[in-house]
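What you are looking at is a predicted structure, and each value in this text was computed from that prediction instead of being measured.
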Amino acid sequence: MLSGELRRRHGRGGARGRRWHVDEAYLKVRGRWAYLYRAIDRDGHLVATMLSEHRDMAATQAFFRSATAATGVTPDQVTTDGHGSYPQAFRTVMGRRVVHRTSAYKNNQLEQGHRGVKGRIRCMRGFKSFGSAERFCRSHDELRNFLRLRICHNQHVPANRRRPLHLRRATAVLAILEAA
């Protein structure tokens, strides 16, 4: 419920750009590796997340379908790493009009974004069930995106504006939790 309300308040997940960066991270669920697919736009706003037990063509296609359905936007350009399932899944779901770039270093902002989720999971030593892992990952990413103060990637937010903005957003999150 929290992630859905935050996505609604932030307006389609905050995805304003038509240039997406897509990557996956490894997480432990029930002692086995699972794959957290994440996509952000050019300004660092969260587009979509999906936890999958497999890293194959079907999972990649499902992620691209859910990302386009969640935002209602088909991107102009998508940057991924060089994994083999991306090109064909990408062409199948998004078509040939969308430019597909493969570059590891241009996804650095997304790679650094994985640290937030992994930092929280490391102290918990993984998850016991796949459903709770999926809910946690989606809610954690939505909450981080909602509490993010910057509007674009290299924007400077002065210290005298950070505190009131953060307090306003934290109060909104607490109000959502109290309503539940």
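- Looking at Arg101, His100, Lys106 one by one, the single match for side chain to side chain donor-acceptor pair (under 3.5 Å) with Thr80 turns out to be His100.
- For the pair Thr49/His140, no side-chain contact is recorded, criterion being any heavy-atom separation below 4.5 Å from C-beta on.
- Side-chain atoms of Ser52 and His54 form no donor-acceptor pair, as typed in the model, at a separation below 3.5 Å.
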inquiry  = Apply side chain to side chain contact (heavy atoms under 4.5 Å, CB included) to residues Gln77 and Trp20 and explain how you reach the verdict.
reply    = CA-CA 6 Å; Gln77 178 179 336; Trp20 292 358; over 6 Å; no
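- No option in Arg42, Arg97, Arg19 other than Arg97 meets the salt bridge (Lys or Arg N to Asp or Glu O under 4.0 Å) test with Asp76.
- Considering only heavy atoms from C-beta on, Phe146 comes within 4.5 Å of Val173 through its side chain.
- The shortest distance between side-chain heavy atoms of Phe127 and Lys28 does not fall below 4.5 Å.
- Summarising the geometry of Ile40 relative to Val47, their closest heavy-atom pair is C-CG2, 3.7 Å, with the distance given to 0.1 Å.
- Under 4.0 Å is where a charged nitrogen must lie from a carboxylate oxygen, and between Glu24 and Arg38 no such pair does.
- When the shell of 6.0 Å around CZ of Arg161 is examined, it contains 12 or fewer heavy atoms from other residues, nucleotides or ligands.
- Across all their heavy atoms, Val98 and Pro75 have their closest contact at CG2-O, 3.2 Å.
- Under the 4.5 Å side-chain heavy-atom criterion for grouping Ile, Leu, Val, Met, Phe, Trp and Tyr, Met57 is not connected to Val78 through any hydrophobic cluster.
- Using a 3.5 Å distance cut-off with no hydrogens or angles, the side chains of Tyr37 and Arg55 do not pair a donor with an acceptor.
- Within 6.0 Å of CD on Gln88 lie no more than 12 heavy atoms contributed by other residues, nucleotides or ligands.
- For the pair Thr60 and Phe90, the minimum side-chain heavy-atom distance is 4.5 Å or more.
- Between Asp41 and Arg18 there is no salt bridge, since no side-chain nitrogen of the basic residue lies less than 4.0 Å from a carboxylate oxygen of the acidic one.
- Across all non-hydrogen atoms, the minimal contact from Gln61 to Val93 is O-CG2, 3.8 Å.
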